[in-house]
Structure formats: C-alpha cells, structure tokens
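These numbers come from the heavy atoms of this one structure, side chains and all, not from hydrogens, waters or symmetry mates. Every chain is numbered from 1 and lettered A, B, ... according to where its sequence line falls, protein lines coming before strand lines.
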Amino acid sequence: MTSTRLSKGGRIDRSKSVRFTFDGKAYSGHPGDTLASALLANGITLFGRSFKYHRPRGVFAAGTDEPNALVTVFSGDVREPNVRATELEIYDGLVTRSQNRFPSLEHDFMAVNQLAGPLFSAGFYYKTFMGPAIGPLRGTRFWMFCEKFIRRAAGLGRAGTAPDPERYERMNAYCDVLVVGSGPAGLIAAEAAASTGARVIIAEERPIAGGSLLASGETIDGRSPAVWAREKAAALASLPNVRFLTRTSVWGYYDGNVLTAVEHVSDFKPNRTKGQPRQRHWVIRTGKTVLATGAFERPIVFPGNDCPGVMLADAVRRFAVEYGVATGNNVTLFTNNDSAYDAARTLSLAGVNIVAIIDVRADVSGTCRDIANVAGAELLLGHAVTGTHAGKTLSSITVQHFNAETGRVSGAPREIKTDCLGVSGGWSPAIHLASQAGGKPEWDEDLQAFLPPEPNQNWVMTGSASGYMDTISVVSDAATKGSAKSRLVLPPVEAPMLDASPAPVFQIEPSAKSQKAFVDFQHDVTADDIRLAYREGFHSVEHLKRYTTLGMATDQGKTSNVPGLAIMADARGISIPQAGTTRFRPPFTPVSLGALAGERYGDLRPHRLTPMHDWHLANSAKTYEAGLWHRPMIYGSHGETVEQAYVREARAVRQSVGIVDVSTLGKIDIQGPDAAELLDRVYTNMFSTLPVGKARYGLMLREDGIAFDDGTTWRLGETQFLMTTTTANAGTVMQHLEYYLDCIWPDLRVHLTSVTDVWAGTAVSGPKSRALLEACVTGTKVDNDTLPFMGIVHGKIDNIPVMICRLSFSGELAYEVYCGAGFGTKVWEALLAAGQPFDVMPYGLEALGTLRIEKGHVTGAEIDGRTSAHDLHLDWMLSKKKPFIGSAMLEREGLTDENRLSLVGLISLDNQSITGGSHIVTDANPREPADSFGHVTAACYSPALGKYIALALVKHGTSMIGNRAFATDLLRGKHCPVEIVSHHMFDPEGSRMHG
Amino acid sequence: MIIKCPYCGPRDVIEFTYQGDATRTRPEPGSADQEAWNRYVFDRTNPSGAHREFWLHGGGCRQHLLVTRDMTTHAISSVAFARDAVKSATGERK
C-alpha cells in the first residue's frame with residue numbers, strides 16, 4: 001500500500017497546513033483532514049497492532065465504523081484511548097500514539113503471539129488456563145496467575161490515571177421532530193418537517209452535513225452533491241425553527257422518545273475559549289424521530305483480509321473524494337454488488353488508478369461493464385480473492401475462479417499486483433437506534449440485510465437506513481417521512497442505474513493452507529473461531545457473541561456482525577434470519593464518562609454552603625464534602641496535624657466551651673391539626689404528649705423495622721413542630737413523610753415545608769456554654785429553670801431574634817442556637833465575642849465526631865440501613881403504647897436473631913489508632929485473620945480518655961464486653977489489639993449534660 | 001420516559017422518584033395480622049402488563065402520583081394525584 005495526496009480534490013484547505021505528531025514523529029496535514037487521511041497522505045499505512053495476535057493493521061473504514069485505526073490522544077498527562085483516527089480531526093499541536101505495541105509499532109515483540117495462534121482461539125480463557133487439580137496453581141488459581149501477563153499482552157489502549165481537567169456540559173432540548181443524520185435523507189426530511197413550522201433538531205455526527213453525498217459522483221439539482229448539501233444545510237440552519245447540531249452523535253434511544261447525543265464542542269480545536277466545554281451531553285425529548293442514519297458497507301471475509309491495504313471500497317472512495325488521498329497507486333476492488341462500480345467510477349474521476357474489479361457474480365449489468373471499461377479496470381467476473389501477500393502492507397492478492405451458487409473456489413491461483421484492495425460485501429442499514437428503541441429487525445432477502453422493525457414508538461426511518469439504496473428514491477421517501485403534509489419540490493438527481501441487491505456471498509471459505517480470515521478485526525475473531533464455536537455447541541447468536549467476543553469491542557461489530565451471523569448460519573445450515581441477530585444497546589458509539597458525568601463532576605458541580613462558610617474559610621478551616629455540603633473538618637493552625645487540631649478542639653469543649661456550625665441538619669416545618677398524630681406514627685416514641693416549648697429526641701424506623709433516621713423535634717405550638725434530621729437524610733426523610741401523607745394517610749391534615757436553608761444553626765457546647773449565652777442573650781433568661789434540658793426559649797443575640805434549644809450531641813451542657821440564615825455569621829461572631837472570656841473555640845466535624853464517639857451517640861455510620869433499634873441499644877425509645885412505622889416488624893425472625901451485630905465501644909491496647917472499617921477478629925496473626933465478627937464504624941483519639949477508641953458493630957456485642965480482640969485492616973496492613981467495652985465510654989450517667 | 005403530571009404537565013422521568021408498588025394495602029396500624037404485614041412489607045408482584053405504582057414529582061409540584069404503566073412496553077396509560085386516588089379508594093371501602 002502506497003498512499004499519497006492527490007494533486008487535487010477533497011474538502012481540505014490546501015492553503016493552510018496543520019502540524020501534529022503520531023508516535024513522536026511530526027507530520028503535517030490540512031484543515032479538514034482526519035488523523036487517518038493526514039497520515040495516509042504522508043504515506044503512513046500501519047496504524048496499530050491487533051488485539052490478540054499483534055498483527056499489523058491499517059485503516060479499514062473511513063468513519064465511525066473503523067475497527068483498526070484506534071489511537072490514544074494525549075494532552076499533558078491526560079490520555080484518551082481508542083479514538084478512531086478516521087473521526088479524529090487534526091489540529092495544531094495534536095499528540096497521538098498508536099496502541100497495543102511494544103516497543104514500537106514497526107517492531108512489536110508481541111507479534112510472536114501469531115505463532116501461538118491455536119492457543120488463543122475462541123474461548124481460550126476457559127480451556128488453556130485450567131490448572132491441575134492440586135498444588136499451588138490448582139484450578140482457577142493458574143488462570144489468576146496467567147491473567148496479569150495476558151492482560152498486558154492483549155488489549156486496546158490503556159486508560160489514563162491523571163484526573164481529567166476538562167469541563168463537560170449537559171443540555172436538555174425539546175423538539176417536534178428530531179432528525180438523526182444529514183445525508184440526502186436527513187436534509188430532505190428536515191426540510192419537509194421544517195416547512196410545516198415544526199421545531200426541528202437535526203443532529204449530524206460529522207463536522208459537516210452531507211453524509212454519503214460528500215463522496216458521491218452523482219449530480220443533484222445540477223450541482224455536485226457536496227455543494228448541494230452544504231447549501232441545503234446552511235438554508236436549514238438559518239431557519240428560526242431549526243437547530244442544526246454538527247459533530248453530534250446520537251447514541252441512545254430510550255422510552256418516551258428520549259434520545260441522548262454527545263456533541264464535540266471544542267475537543268477538535270487547538271485553542272479553546274475559556275470555560276467552553278470539551279463535550280456536551282444532550283438529552284433530547286422529541287415528538288417524532290426521523291432516523292436517517294444511513295448504512296454501513298460490510299466486507300466479504302476472505303483469507304488474509306486483515307493486512308494494511310485491505311479496506312472497504314467505500315472508504316477508498318471517501319479518502320479520495322473527501323480528502324484528496326489515494327490509498328494506493330494500483331487499486332483493486334472485490335465485490336458482490338454494484339456499489340463497488342459506483343466507487344470505481346468516482347475513484348477514476350478523482351484520478352485514482354483502478355487495476356481490476358473482482359466480482360463473485362458470474363454476470364453483471366451493462367452499466368457495470370461500461371464503468372469498468374471507462375475506468376480501464378480489468379473485470380474478473382466469477383472470481384474471488386483467496387489470499388493476500390503483505391509484509392507490513394499489501395503488495396499483491398491471489399484470485400481464483402469462484403462459484404457464487406456453491407461457494408466453491410476452483411482453478412489455478414493468479415497473482416495480481418496491488419497495493420490497495422477495496423472490498424464491498426453489500427450494505428447494512430444502520431438500524432442501531434431503531435433496535436435500541438425496542439423493535440426486532442427484519443431480514444430482507446433482496447438487500448441481504450436487516451431492515452428496521454415496525455416502529456414501537458413515534459419514529460420513522462428513511463434513506464439507506466430503511467433500505468433505499470439510490471439517491472432518487474431516498475429523496476422522495478425522505479420528503480414524505482419528514483412530513484406527510486409538506487409540498488416540497490424534489491431536486492432532480494443524475495445517477496448511474498445500479499442494482500442495490502448483492503449476491504448472497506459473505507465469505508470465501510479458506511482451504512487448509514490458507515491464511516486467517518478475520519471477521520471482527522478489533523477483537524481478532526476469525527471465521528474459524530466462529531466455526532469452532534459452532535462445533536463446541538455455542539449455536540445461538542447470543543452464545544456465539546459471548547464465547548468468541550464477536551462484536552463486543554468498542555466498534556460493537558459495525559462491520560463484523562452480519563458476516564459473523566452469516567458464517568454461523570452457514571455452519572448450522574440455516575438461513576440468516578433463522579439464526580437471528582443480537583439486539584443493539586446504547587451507546588451507538590463510545591461516549592466519554594466525563595460527558596455523562598457532566599455537571600455532577602468538576603467545577604460545574606453544585607455546592608451547598610452554610611451561611612457561615614466564608615467565616616470558616618477566613619479562619620483557616622479545612623473543609624470536606626458531605627453530599628453537596630461543604631463542612632469544616634478542623635480549624636487548623638500552623639504545623640498542626642489533623643489529629644492534633646481535633647484533639648485541641650474537643651478538649652476545649654470538654655474543659656470550657658466550643659461552637660460548631662450545625663446549619664446543615666435537615667429541618668422540616670410540620671404544621672396542621674394532625675401534626676402530632678403524624679409524628680406519633682412516624683417516630684417510635686410519643687410526640688403528642690410533648691408540651692409546647694419542649695423538644696424530644698426521636699427515632700424513625702422503616703416499615704421493615706430497620707432504623708432509618710434520628711433527630712430532635714421541637715414543639716413550637718399546639719399544631720406546629722420543627723423536625724430536625726441528619727444532614728445526609730434531609731431529603732429522604734422529607735420524601736418519607738410526603739409518601740405517608742399522600743399515599744397512606746391522605747386524611748391527615750398536615751402540611752410539610754422544608755426549611756433546611758431558612759435557619760442557620762450553631763451548637764454551643766461545654767461547661768461554660770450557659771455562661772456564654774448569659775453574656776449575649778437578651779429578652780430571656782437561660783438559667784436551668786427557664787431553659788431546662790430539652791427546653792426551648794426565644795430571645796435575641798446582638799438584637800437578632802434567635803430560638804435556643806438545650807440539647808446535647810457532645811454529652812456536655814449544650815445548646816443549639818437558630819436564627820434566620822441571613823444572620824448566621826452575625827450571630828456566630830456574637831457568640832464568639834461573648835465566649836472570649838472562656839477561650840471559646842470553634843470546632844469542626846472531626847471534633848464533633850470525637851465527642852459523640854466518646855459518648856456512644858449514633859450517626860449514619862451506625863444507622864447504616866442494616867441495624868435495628870435493639871442493635872443500637874435504642875430499645876428504650878420503642879413505645880409500647882402505640883403502633884408506629886416498623887412496629888409490626890420488630891419481632892420478625894431476622895430482627896430477633898441473637899447473632900445480630902450490636903453496638904459496642906473499642907479501646908486500643910497498643911496506643912495505635914484504629915482505622916475505620918477494620919474487621920473485628922480473634923486471631924492475633926495478621927496474615928491469616930480468623931472470620932470477622934464485626935466491624936469498626938467510627939474511630940478517633942479520645943482526649944477525655946487519653947486513648948485511641950472506636951465504635952463497632954459486633955456479634956453478641958453486649959456479652960462480648962470485657963473481651964479482647966483485634967481490629968484488622970487488611971488493606972492498610974493494620975492489626976490492632978483492642979478491648980471491647982460499653983459504647984458509653986465517657987460520662988455514662990450523663991451528669992455533664994444535665995448539669 | 002415522560003410522565004404527564006396532572007399539575008405540571010409532561011415532564012421527564014429525571015424529575016421523579018419511584019416510590020413503589022401502589023397495589024399493596026397497608027394493614028390497619030394496630031393490626032396484629034403478621035401474615036398481612038409480611039405481605040405488605042416484602043411481597044411484590046411483577047405483572048406482565050399494566051401495573052400501578054407511585055411516583056413522587058420531587059422536581060416539580062412535590063406531589064405523589066398514581067401512575068399506571070405497562071411493564072412490557074413502559075407505556076403509561078393513566079396518571080392521577082395519589083392523594084385523591086387513595087382517598088376515593090378508601091372512601092369506597094368504607
């Protein structure tokens with residue numbers, strides 16, 4: 001294969017050049033080139049090494065169906081593997097590398113895998129690597145031993161490890177008609193739909209509109225088809241009711257006419273505008289979908305068909321017409337249908353030399369003969385290609401007589417010198433999206449292809465995607481499919497009269513001595529692999545796919561599915577429709593994970609900040625993320641470790657006073673005559689008896705009796721309560737209450753309002769907390785009589801109205817001060833000022849956690865969706881006087897099992913920290929720890945006890961108290977001796993908070 | 001999937017939260033019929049064809065909707081406010 005740039009032609013801008021690198025070497029191309037066309041123009045024909053056998057591979061197709069020419073694109077440390085060179089637009093500074101080769105593409109050590117070919121046949125994982133029955137590599141252990149070597153040798157590009165710094169956006173769009181594809185069918189359908197006033201979105205995968213017209217040798221409306229397409233697209237795009245998206249690949253079709261697409265916004269540009277996303281993920285809801293997705297040419301499978309230089313006939317044409325690149329000096333074509341003659345005609349007009357056309361059919365039409373004649377190509381009818389000669393690239397082919405009826409090869413082989421062979425085995429409509437939508441494709445004998453199914457949603461398929469293989473019928477079909485009401489005047493088309501139906505020849509079966517015949521290039525699946533799968537009993541297409549991995553690579557078998565099915569059908573002696581086809585699933589083309597994550601990741605992700613957030617940052621808080629919230633972890637000072645900081649903060653709370661931002665707690669305003677009744681039903685304990693002006697700690701269960709959430713609820717009036725929830729469950733508790741009010745107890749007169757963001761909350765904790773409040777609160781007393789434990793008062797701080805409840809999470813005398821969110825920082829600062837004489841200290845989540853671990857108070861780490869009230873020693877909260885959600889399930893077998901894990905405390909015996917998530921085991925040997933009988937839920941250093949402590953859920957928890965065990969963390973290699981103690985590790989009587 | 005909310009109009013499924021099977025009947029709160037409770041909490045049917053389910057329009061009016069949806073085609077045949085539907089159903093029982 002000797003590829004060169006032709007002296008003219010193509011839609012590239014020859015006046016400008018673009019510099020890029022491939023495997024470290026610099027090349028230049030022109031704007032409009034893809035990486036594939038630019039490298040071919042530079043004479044590069046070897047693009048990569050194959051998946052298993054490391055065979056040299058070149059460009060095979062010219063677009064999204066490319067199986068071979070995959071490259072990795074680098075930008076700094078960030079790499080994107082498996083990008084199709086045929087779609088990658090070049091730009092100045094583009095850095096690309098070939099894949100799956102070592103040490104270089106030209107000289108690949110792993111090519112020895114070809115010698116071991118039989119070892120790597122279909123299902124080789126399961127056969128070759130079963131170890132002996134005994135010994136260190138017994139059974140599957142041998143496979144696990146070999147796996148790491150195989151993984152290194154086989155594969156496509158490697159994924160990167162550096163974080164992706166790019167931005168991605170998500171867009172929602174609505175339209176009356178979505179047209180997928182902008183070839184002749186898409187353009188006409190969009191025009192027809194737009195002419196009726198419908199809101200139209202047209203999505204084109206490529207940088208410009210035109211589809212098959214871009215490489216067509218026909219004439220439309222007296223002009224070249226590419227020019228006609230450009231003008232038509234510009235006219236459509238200028239209409240107010242049309243949105244024209246280019247570089248936008250529609251990859252998913254979901255229920256309710258919801259389609260997903262990814263738009264390449266800037267990843268083809270050398271210099272991106274600041275803030276511009278790399279890609280945009282579109283979710284398009286449409287009234288009607290017009291699928292004008294075109295058709296993929298498929299190859300004929302023959303021995304030696306995978307060397308660089310063997311390509312699809314249409315790809316040869318597209319490189320010549322679209323990019324002005326001759327993929328060979330002496331091109332041959334091998335076909336079973338007329339479309340290769342159209343390619344020959346166009347190629348010859350573009351200045352490409354056609355040596356011969358090899359056709360499996362015994363006879364062809366006069367039009368075809370004339371084309372071969374005009375092109376100066378030798379016409380070999382009733383012949384087939386039975387072998388290739390190639391070093392790294394094609395030098396000649398072997399042809400023999402072939403009987404298309406019997407599939408038999410006969411006669412003496414003849415060698416034809418050629419450096420590029422274009423193959424056409426017919427066309428497969430791109431029915432992927434229709435198949436995703438749920439229909440079962442139907443086989444068409446005439447076209448030898450699967451056609452779209454009956455629509456099960458509001459979609460229509462048009463153009464070659466629905467089996468119209470000539471432009472004239474495509475255009476008239478598209479006009480009616482776009483809108484039955486439109487009155488478009490169709491453009492006249494001049495095209496040679498060619499027959500669309502191919503001879504039913506999918507493979508040239510190899511003889512014993514033949515070369516390998518590949519079906520799936522990307523996964524290195526050969527025709528023999530399929531026959532082997534058949535012999536071994538994997539007959540159904542679903543089994544065939546999974547056993548051989550046919551069609552499971554990144555190209556999802558765009559060029560290999562139909563030939564693969566045909567070979568299996570042939571082996572089974574049944575027809576292709578009897579063999580059936582697998583269903584296509586999203587995505588149609590690979591989609592980057594960044595595009596899917598969109599705003600949920602990176603700088604577009606939403607953040608929730610408390611009213612005091614800026615103060616925290618200004619006062620050296622280190623924050624971390626809890627859901628969407630950012631919360632202070634510690635307020636660090638110079639040279640202090642996180643542990644030193646939280647120990648200092650926690651100690652200050654126990655000794656004097658500290659304040660912590662608790663604004664993130666979920667808050668729900670519950671009002672109505674039946675508010676107390678609702679609370680009695682959702683909480684395990686009684687709330688109707690709670691006096692106005694008092695709060696109570698409440699526990700909620702799920703219907704199955706498992707603990708769900710906890711928090712305090714304050715009775716602000718006879719019919720008004722303020723419920724607080726844990727930060728993490730704020731939304732879920734709201735949904736839970738709404739569910740019961742809407743769906744179970746619609747008679748309850750209760751109204752719920754989420755007020756989480758309305759209030760700023762500060763907890764003031766420590767023995768000096770009352771003195772602190774006395775120094776700043778006006779309008780109310782805060783002494784023990786006025787504000788007893790769980791009492792609520794209203795007053796003012798710095799003239800700002802506040803609501804204060806005396807409750808404690810830390811186990812100290814403590815209060816929560818709530819004010820309007822806008823005053824949060826002002827009240828926070830006033831509290832700090834009032835606390836000056838007591839050396840008040842702000843504390844973060846780490847200290848908050850330390851204080852609660854010392855006390856054995858539970859949070860989400862213990863209320864983990866698996867624990868019951870009993871497991872957490874909260875049985876005292878289960879009212880016997882009334883039913884509540886979950887009460888009917890409390891006695892079920894699973895919840896009364898004595899082997900359940902229950903809450904205990906742990907104290908480290910070697911003065912080393914215990915890591916969260918460690919397993920509790922009895923064995924002292926860290927290498928072979930015995931069975932786990934529990935796990936650590938939270939751990940810290942306790943300044944109050946002067947020890948490393950933890951909370952844990954342990955089997956037979958309470959009766960284990962006093963025993964010793966080990967907290968083992970196999971991942972981090974820690975094995976810590978511990979004593980199991982009561983979870984009330986500090987001040988078990990609670991004397992401090994009642995003081 | 002699009003759900004036609006009776007208050008907000010047709011909206012994408014992304015705005016909704018699935019809230020479970022709507023064909024179950026919760027036993028009276030004080031009921032001691034353990035079998036009935038077990039059925040209510042654990043048993044779910046998976047019919048081929050029409051099924052009733054609750055959806056919360058959390059991204060819109062925050063109402064629970066009673067949606068009748070075909071389990072094989074995913075086609076939605078009716079949508080109503082759950083509160084009204086449950087009220088009239090319990091009214092009929094009484």
Side-chain angles (χ1 to χ4, degrees), chain A residues 170 172-174 254-258 260 283-287 437-439 456-458 677-678 680-682 701-706 731-732 734-754 881-895, chain B residues 1-4 10-22 24-42 52-59 61-66 69-70 72-76 80-91 94:
Chain A
R170 179 193 159 102
N172 291 294
Y174 302 84
Y254 298 91
D255 289 339
N257 261 6
V258 177
T260 49
V283 179
I284 303 169
R285 284 112 187 152
T286 173
N456 58 339
Q457 298 193 42
N458 194 6
E677 174 64 22
L678 174 70
D680 277 351
R681 295 186 190 185
V682 298
L701 306 184
R702 306 191 310 218
E703 285 281 17
D704 63 358
I706 296 288
T732 334
M734 182 77 182
Q735 270 180 23
H736 181 74
L737 300 182
E738 286 172 326
Y739 173 78
Y740 282 92
L741 285 177
D742 278 352
C743 306
I744 309 291
W745 305 312
D747 292 329
L748 288 186
R749 292 158 301 165
V750 180
H751 197 84
L752 306 172
T753 313
S754 169
K881 295 187 190 132
K882 51 138 193 165
F884 50 85
I885 293 173
S887 60
M889 284 288 142
L890 288 177
E891 296 306 316
R892 70 184 166 99
E893 215 176 326
L895 291 191
Chain B
M1 195 166 90
I2 306 270
I3 298 176
K4 287 195 178 107
R11 298 295 187 93
D12 190 74
V13 69
I14 202 169
E15 296 183 6
F16 297 84
T17 309
Y18 180 67
Q19 292 280 69
D21 186 346
R24 302 175 296 152
T25 311
R26 194 176 192 269
E28 286 301 313
S31 164
D33 182 348
Q34 201 59 39
E35 276 308 305
W37 278 109
N38 286 347
R39 274 198 303 279
Y40 172 70
V41 174
F42 297 112
R52 288 188 302 149
E53 48 198 30
F54 289 123
W55 289 80
L56 169 63
H57 195 190
C61 57
R62 286 209 78 89
Q63 300 297 305
H64 278 84
L65 307 177
L66 178 67
R69 192 166 68 103
D70 191 298
T72 52
T73 64
H74 304 174
I76 293 171
F81 288 123
R83 209 171 241 260
D84 298 346
V86 173
K87 259 188 177 172
S88 65
T90 47
K94 283 171 192 166

query: Do A:Met889 and B:Phe42 pass the side chain to side chain contact (heavy atoms under 4.5 Å, CB included) test, and can you show the C-alpha distance, the side-chain angles, and the key distance before you say yes or no?
result: CA-CA 11 Å; A:Met889 284 288 142; B:Phe42 297 112; 3.9 Å; yes

Candidate pair B:Trp37 and A:Arg892, rule side chain to side chain contact (heavy atoms under 4.5 Å, CB included), full reasoning: CA-CA 10 Å; B:Trp37 278 109; A:Arg892 70 184 166 99; over 6 Å; no

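- The shortest non-hydrogen separation linking B:Met1 to A:Val258 is N-CG2, 3.8 Å.
- You'll find the side chain of B:Arg26 reaches within 4.5 Å of the side chain of A:Ile885, heavy atoms only.
- Here the closest heavy-atom approach between residue A:Gln735 and residue B:Gln19 is recorded as O-NE2, 3.8 Å.
- For a residue to count as touching a neighbouring chain, one of its non-hydrogen atoms must lie under 4.5 Å from one of that chain's; by this rule A:Tyr254 does not touch chain B.
- Taking CD1 of A:Ile744 as the start and CZ of B:Arg24 as the end, the distance is 7.0 Å to the nearest 0.5 Å.
- The parts of B:Asn38 that come within reach of chain A are both its backbone and its side chain, each placing non-hydrogen atoms under 4.5 angstrom from that chain.
- A:Gln457 does not touch chain B: none of its heavy atoms, backbone or side chain, sits under 4.5 Å away.
- In this structure, the separation between OH on A:Tyr739 and OG1 on B:Thr17 is 13.0 Å, given to the nearest 0.5 Å.
- With hydrogens and angles ignored, the 3.5 Å screen pairs a side-chain donor or acceptor of A:Asp742 with a backbone N or O of B:His64.
- Of the atoms belonging to A:Leu741, heavy atoms from both backbone and side chain fall under 4.5 Å from chain B.
- No part of A:Arg681 comes within reach of chain B, as not one of its non-hydrogen atoms sits under 4.5 angstrom from that chain.
- Between chain B and the residues A:Pro883, A:Ser887, A:Pro746, the largest count of heavy-atom pairs under 4.5 Å involves A:Pro746.
- Neither the backbone nor the side chain of B:Phe81 comes within contact range of chain A; no heavy atoms are under 4.5 Å apart.
- At a 4.5 Å heavy-atom cutoff, the contact between B:Ile14 and chain A is made by side-chain atoms alone.
- A pairwise comparison of heavy atoms in B:Gln34 and A:Ala888 identifies NE2-O, 3.0 Å as the closest pair.
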